[in-house]
Amino acid sequence: MTRIAMKTPLVEMDGDEMTRIMWQMIKERLLEPYIELKTEYFDLGLEHRNDTDDQVTVDAAEATRRLGVAVKCATITPNAARVEEYGLKQMWKSPNGTIRAMLDGTVFRAPIIVKGIEPSVRCWKRPITLARHAYGDVYRNAELRIDGPGTVELVYTAADGKETRALVHEFDGPGVVQGMHNLDRSIESFARTCFNYALDSGQDLWFASKDTISKTYDHRFKDIFADVFAAEYAQRFEEAGISFFYTLIDDAVARVMKSEGGFIWACKNYDGDVMSDMVSSAFGSLAMMTSVLVSPQGHFEYEAAHGTVQRHYYRHLKGEQTSTNSVATIFAWTGALRKRGELDDLPELMAFADRLERATLFTIEEGRMTGDLARITTIPDPVVLDTLGFIDAVAEKLAASE
């Protein structure tokens, strides 16, 4: 069999724990038999990030700017326990946060729909796509532990030396404080990327924040979205027969739970993180969701939206059987390969990505799946496969589709 030749490499970012194990399985069994895989490889495993003082993450993001398309495995964002477990030099920041800040993109996440895995919200008929701003807010905050009584202020010192101050709080005892920021240019990029994605996909766009409480910070997001829409997109939306509207985040949640789906829901950074997990879980599983970071310059980074599956990894290290869902990781690869094929004019690479996705979904629809899906499927008597068993079942279906 002649394998598909690639023109331009993908940026490949390896990751941690159980997803790292699945990453290699997917490459060996589902990709390399069919593709002459060309990648620029970056090891974003926690040990290597620590060894390089996290420079490898910066290098991977810069390579994504250069090559245009990346695929990323799930990675650990260390907490205090991880610092001790891995003997880290420091509590390194989220690699996703670093990459998103450098690319200044928007993360679009949508559930992977498959027959037999029905949404918990009965009225949902079509996917709900979460558009998550990928810069600033709590992910680039500054924090202080306050030991005792005192005053905390925000201080802005202009280039000419003039100061503007705002009282945060008069502490009469211990506490905590944090400062967050965002940039008009990043919010404008977020808005334009969302509007363009809505036009490309033919879906309505919602944007939600909490401007009634955050009358400066969140209101700035609201104003920029409104201004960009009015100046650049209102007529195009009307011609496309789609709509844009703003609402409060709590109102959006209520509307979403009673909707049929089929729209894009744009959120600030942390809101998008939380709401995408809610939507993916309600549609079936965190491991059944696509995720792509789209930058204003046309760079794309595909990843699985879930974590590294720590519990399964520890079982794997003991030689115990695991049944870890690899669908989102498979779809990260197919998304990146399809985009690479589109940009390089390789229709056979795009067609392969479609075939692999169909093989993955058909495997589940035939009743062969991992344990997380077997617990919620409406398919009678599902066959529960272990981690490698499911990937091999997909490989069988893929081979039969030639």
Side-chain angles (χ1 to χ4, degrees), residues 1-15 19-45 48 56-75 99 102-103 105 108 110 112 200-201 290-295 297-305 326-363 387-388 390-402:
M1 182 182 64
T2 302
R3 295 191 297 165
I4 300 167
M6 293 177 62
K7 296 179 182 178
T8 310
L10 292 171
V11 177
E12 178 187 352
M13 307 180 199
D14 209 344
T19 47
R20 188 183 181 98
I21 303 299
M22 294 191 301
W23 194 260
Q24 191 61 36
M25 293 177 181
I26 290 166
K27 287 176 63 179
E28 290 178 353
R29 288 166 165 77
L30 301 179
L31 303 180
E32 291 172 345
Y34 301 92
I35 304 169
E36 294 179 7
L37 204 58
K38 292 178 66 174
T39 71
E40 285 196 14
Y41 177 85
F42 295 87
D43 183 359
L44 265 60
H48 191 59
V56 65
T57 306
V58 175
D59 293 344
E62 290 176 344
T64 304
R65 286 174 174 165
R66 174 167 45 85
L67 295 174
V69 184
V71 58
K72 180 181 174 295
C73 184
T75 48
I99 294 164
M102 291 181 63
L103 297 183
F108 293 93
I112 299 166
D200 290 343
S201 61
T290 62
S291 181
V292 56
L293 173 70
V294 183
S295 83
Q297 292 76 32
H299 307 134
F300 301 84
E301 184 231 15
Y302 295 81
E303 63 174 343
S326 56
V327 173
T329 305
I330 293 171
F331 272 61
W333 274 103
T334 56
L337 291 168
R338 185 184 295 107
K339 180 56 68 173
R340 186 77 276 165
E342 176 189 329
L343 295 178
D344 290 352
D345 193 22
L346 291 173
E348 61 272 29
L349 191 58
M350 298 168 65
F352 171 79
D354 293 341
R355 280 179 50 215
L356 178 50
E357 289 184 1
R358 286 195 299 269
T360 303
L361 299 181
F362 288 164
T363 299
T387 306
L388 179 57
F390 176 76
I391 292 172
D392 281 342
V394 174
E396 293 173 11
K397 185 63 65 177
L398 180 62
S401 70
E402 291 186 74

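Note that the coordinates shown come from a computational prediction; the quantities given were computed from them, not determined experimentally.
- Heavy atoms only, all atoms of each residue included: Arg20 and Gly15 are closest at NH1-O, 2.7 Å.
- In this structure the side chain of Val394 reaches within 4.5 angstrom of the side chain of Leu30, judged on heavy atoms.
- Atom-to-atom distance recorded for Leu356:CG and Leu337:CG is 8.5 Å, nearest 0.5 angstrom.
- Between Gln297 and Leu103, the shortest heavy-atom contact is OE1-O, 3.9 Å.
- Taking CG of Asp14 as the reference point, atom OH of Tyr41 lies at 3.5 Å (rounded to 0.5 Å).
- In terms of heavy atoms, Ala336 sits closest to Ala70 at CB-O, 3.9 Å.
- Two residues are said to be in side-chain contact when any heavy atoms from C-beta on lie closer than 4.5 Å; Phe352 and Leu31 meet this criterion.
- Formation of a donor-acceptor pair under 3.5 Å by the Lys27 side chain with backbone atoms of Glu32 is not found in this model.
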Derivation and outcome, side chain to side chain contact (heavy atoms under 4.5 Å, CB included), residues Thr334 and Phe331 = CA-CA 5 Å; Thr334 56; Phe331 272 61; 4.0 Å; yes
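- Rounding to the nearest 0.5 angstrom, the gap separating the OG1 atom in Thr2 from the CD atom in Glu36 is 9.0 Å.
- Expressed to the nearest 0.5 Å, how far CD1 of Ile391 lies from CG of Leu398 amounts to 12.5 Å.
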message = Applying side chain to side chain contact (heavy atoms under 4.5 Å, CB included) to Met6 and Ile35, what does each step give before you reach the verdict?
response = CA-CA 8 Å; Met6 293 177 62; Ile35 304 169; 3.8 Å; yes
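- Once rounded to the nearest 0.5 Å, the distance linking OG1 of Thr329 with NZ of Lys72 reads 10.5 Å.
- Here the CG atom belonging to Leu10 is positioned 13.0 Å from the CZ atom belonging to Phe300, to the nearest 0.5 angstrom.
- Minimum heavy-atom separation, Trp333 to Thr39: CH2-CG2, 4.4 Å.
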request  = Under the side chain to side chain contact (heavy atoms under 4.5 Å, CB included) rule, what do Thr387 and Met22 come out as? Steps first, then yes or no, please.
outcome  = CA-CA 8 Å; Thr387 306; Met22 294 191 301; 3.7 Å; yes
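- Listed here is the closest heavy atom pair of Ser326 and Phe390: OG-CD2, 3.5 Å.
- Figure legend: Lys397 and Phe362 shown without cation-pi pairing, the cationic atom not lying both under 6.0 angstrom from the six-membered ring centre and within 45 degrees of its axis.
- Taking all atoms of both residues into account, the shortest heavy-atom contact from Val69 to Lys339 is CG2-CG, 3.8 Å.
- Qualifying salt bridge (charged side-chain N to carboxylate O under 4.0 Å, His left out) partners for Arg65, counting only residues two or more places apart in sequence or in other chains: none.
- Partner Ile99 forms a side chain to side chain contact (heavy atoms under 4.5 Å, CB included) with one of Val58, Thr64, Leu44 and no other, that one being Leu44.
- The closest side-chain heavy-atom distance from Arg29 to Asp392 is below 4.5 Å.
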task = Verify side chain to side chain contact (heavy atoms under 4.5 Å, CB included) between Trp23 and Met13, making sure each step is shown before the conclusion.
result = CA-CA 10 Å; Trp23 194 260; Met13 307 180 199; over 6 Å; no
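- Sorted by first and then second residue, the salt bridge (charged side-chain N to carboxylate O under 4.0 Å, His left out) pairs involving residues 346-356 (not counting sequence neighbours) are Arg338-Asp354.
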